[in-house]
Every structure is written in C-alpha cells, then in structure tokens.
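Values in this document were obtained by computation on a predicted structure and should not be read as measured data. Counting starts at 1 for both ligands and their atoms, following the listed order.
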Amino acid sequence: MPTLTPTRKSRLPDPAAGRVLHEMLSIPTAPFAEHRVIDYVENFCAKRKAATLTRDDVGNVLVRVQIGRRTIARPVCITAHLDHPGFVADRMTSTTTVRAFWRGGVPPEYFVGARVRFFVGESWVKGRIRSIKTVGRKPKRKVQTALIDVSRPVPRGAIGMWDFPDPRVRGNRIHARGCDDIAGAAAMLCAIDKLVRQKRACDAYFLFTRAEEVGFVGAIAACRLRTIPKRCVVVAMETSSERPNAKMGDGPILRVGDKASTFTPAATAHCNQIALDLATSDKTFTFQRKLMDGGTCESSAYCTLGYDATGICIALGNYHNVDAKRGKLGPEYVDLRDFHNVVKWFVELARSRRCYSGRNDALEARMRDSEKTYKQLLEASRAAPR
Ligand SMILES: [Zn+2]
C-alpha cells in the first residue's frame, strides 16, 4: 500500500527551506478541506516560541512573529492560501464508485478519464473519473461533482487530487500535485523560521487562508472578522500563471495588480523599495515588477475590503494542473531560485527598518529633488523669447 513519504532532496541553497517545501507539497489539500496543511502549520509554529498562532472563527490561521520591543505602527501581514483545486469525497454510490464534489477552476474537458488519488489515512486510493456533472454554459461551464471508479471504498470527506507523484526536483524546478498556493504558504513558514532563528527585532503577521479557489471566501471572512489588524499593510503571496513578460527563474514578482484591480500604490512602492535595498546588499536576489492579469488574487479582496494591500507571486507552470501545450493535466511547477528569493524578501519585509507610511516616500523624495533642481530654471524660462 502506498504511503505518504516526502522525499528530501532539494537544490535550494538552504536545505531546511527545501525540506519544508517538499513536506508541504506532499500534503493533500482542497478547498474547505485544508486541515492536513493546517496541522503542519500548527506543529511548525508550536516548535517556535516567538511565533504565536491563533485561528479565527472560520479557521484561517494567523501567526504573529514578535521579537524584541520594537513597536511598528504599520506592520506587514503576508498572506497565502492553503487550498488547491481538488475533490472531496461525498459517498460511495456502489462498492467501486465514489461521488465527489469538485472545487476550483479547471476546464470540464480535462476530467473524464483522468486519474485521481484519494488520501485515506496515511495511504491513498487510486481512481479514474467516469462522468461529471456541470453547471453553467460555456465558457463558464463548471464541474460540480464527479463519479469516480475506485479500487476500494473511500470515506466521506477524503481529499482527492490529480494522480501525480510527490514533489520531484528537476534542474531548478520543483514539480508537484499542487504548488498553488502551498509553495506560497511554505515560503511563509520558511520566513517565520528564519526570523525566529535570527532573533533580530521584528513584528510581523502571517495569515494562512482557507478556500481561495472558490472565490477567496477565507480571505473575505478574514477582512470581515478583522483577523488582520487594520493597521497592517497586507502582502498576498501567490503562485501565478507564467506570462510572456514574467518568466520563471527571473525572480519573484511584485504584482501591481491582477485581472480585477490594481493594488494600493504605496503598498506596492513599499515592497519595491525593500526589494531594491535587498538587491543592493545581496547580489543573488532578483525580482520583477509586473501586472499579473492571468487571474484574480486575494489582494483584490483585501484592497476592496479596506486594507492597504499589494501582492507578490512566483511564476507558475501548468497553472491549475493544465498542461496546455500537451492538452492534458500535469503537475504544477515553480522555480526553486524564485522560491528561495521570495523567502528572503519576506524576511526583509518583516524586519526592515523602513516603515510603511501609506505614501510613496521614495517617489515623493525624487519629485522634491527634481522640483528643487529645476525650480529656478522653470520660472526663469517661463518668459524666454521664442
Ligand atoms: Zn489557484
């Protein structure tokens, strides 16, 4: 019987971070069924005293890392979601068929005949999709439930994911059943670990949200419940479909916006400035600044619901397991160098002496400089002869 054993090899310069990424990417998850990843996050933080973990009324997980007595007026809150498009078993309709709910955005044409694995205890049960039930019309037709032929009974509530192996490293890339957004959540844990180990003054929040794939309902609840303190500047971390002008391996990406909205300009400028500082002191750190309009992310929810918010992402291959080139499902993948650099960026965001002011300070300073330099010339040339 197959067992859940994460492999431990990694090309990351930081083996501890590589291990966390591998372990996280091995854990099954689906919208409204994030409990196994939450267990991992809880165990991880329980071992780190400076990290205080609380859960809100809908199960989102908030971790505060507070070291020293430094008070920060506008601390950063980095967020990532804990789910990935997947199945949750409903009931056996015969001894060899399970009916399962599907949640998340994958086109219906990829389902029938595709292989699935349901996670039961410490092992899994393999299955193949026989039929699907959809709602809506093209191009908005969505899968609601599926009948899946399975090799043995699957209990109600079991998580089902596409039948791909545990994480594998090939070159600079790691391939997994679902990097979106477990790689983001893993990067946050790695940053928490570094902050705790380095013992340098910081005060930062990390929010792990539920059920993003159905329309970021966990993040919306976190705003309504004020799970994130209102004074925070929110940075939502995502893996986002690679774009022609935002390639994987070229560094994590500061998102100025998504498909639905543009983010708080001052929050984006703050992250940009901290990345520029980091790039000056660490020559291996690279980053990009782009509009990632392939999808809508939680930053749009945070901005709309009253927070100063922006986004950071790492480019993702085979977004939502769709391998468009081959016309079939495949493992998602991200670049390990991007992952490593985003962890560094989070650490700097958490402990930088540069405080978020709610204004674009760097741009204002540059404008004041230009104004001062050219004020006289501008005035003196006003009436110059033609
Ligand atoms: Zn997604």
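A salt bridge is defined here as a Lys NZ or Arg NE, NH1 or NH2 lying under 4.0 Å from an Asp or Glu carboxylate O, and Lys328 with Asp323 fails to meet this definition. Salt bridge present: Arg359 and Glu364 bring a charged side-chain N and a carboxylate O closer than 4.0 Å.
Within a radius of less than 2.8 Å around the Zn ion (ligand 1), the protein N, O or S atoms are Asp180 OD2, Glu213 OE1, Glu213 OE2, His320 NE2.
Put simply, SG on Cys202 and CG on Leu349 are 11.5 Å apart, with the number rounded to the nearest 0.5 Å. To the nearest 0.5 angstrom, Leu189 atom CG is 5.0 Å from Met24 atom CE.
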*What's the verdict on salt bridge (Lys or Arg N to Asp or Glu O under 4.0 Å) for Arg210 and Asp83, showing C-alpha distance, side-chain angles and the deciding distance?*
CA-CA 6 Å; Arg210 299 187 54 222; Asp83 59 324; over 6 Å; no
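Residue-environment remark: CZ (Arg366) stays at or below the threshold of 12 foreign heavy atoms within 6.0 Å.
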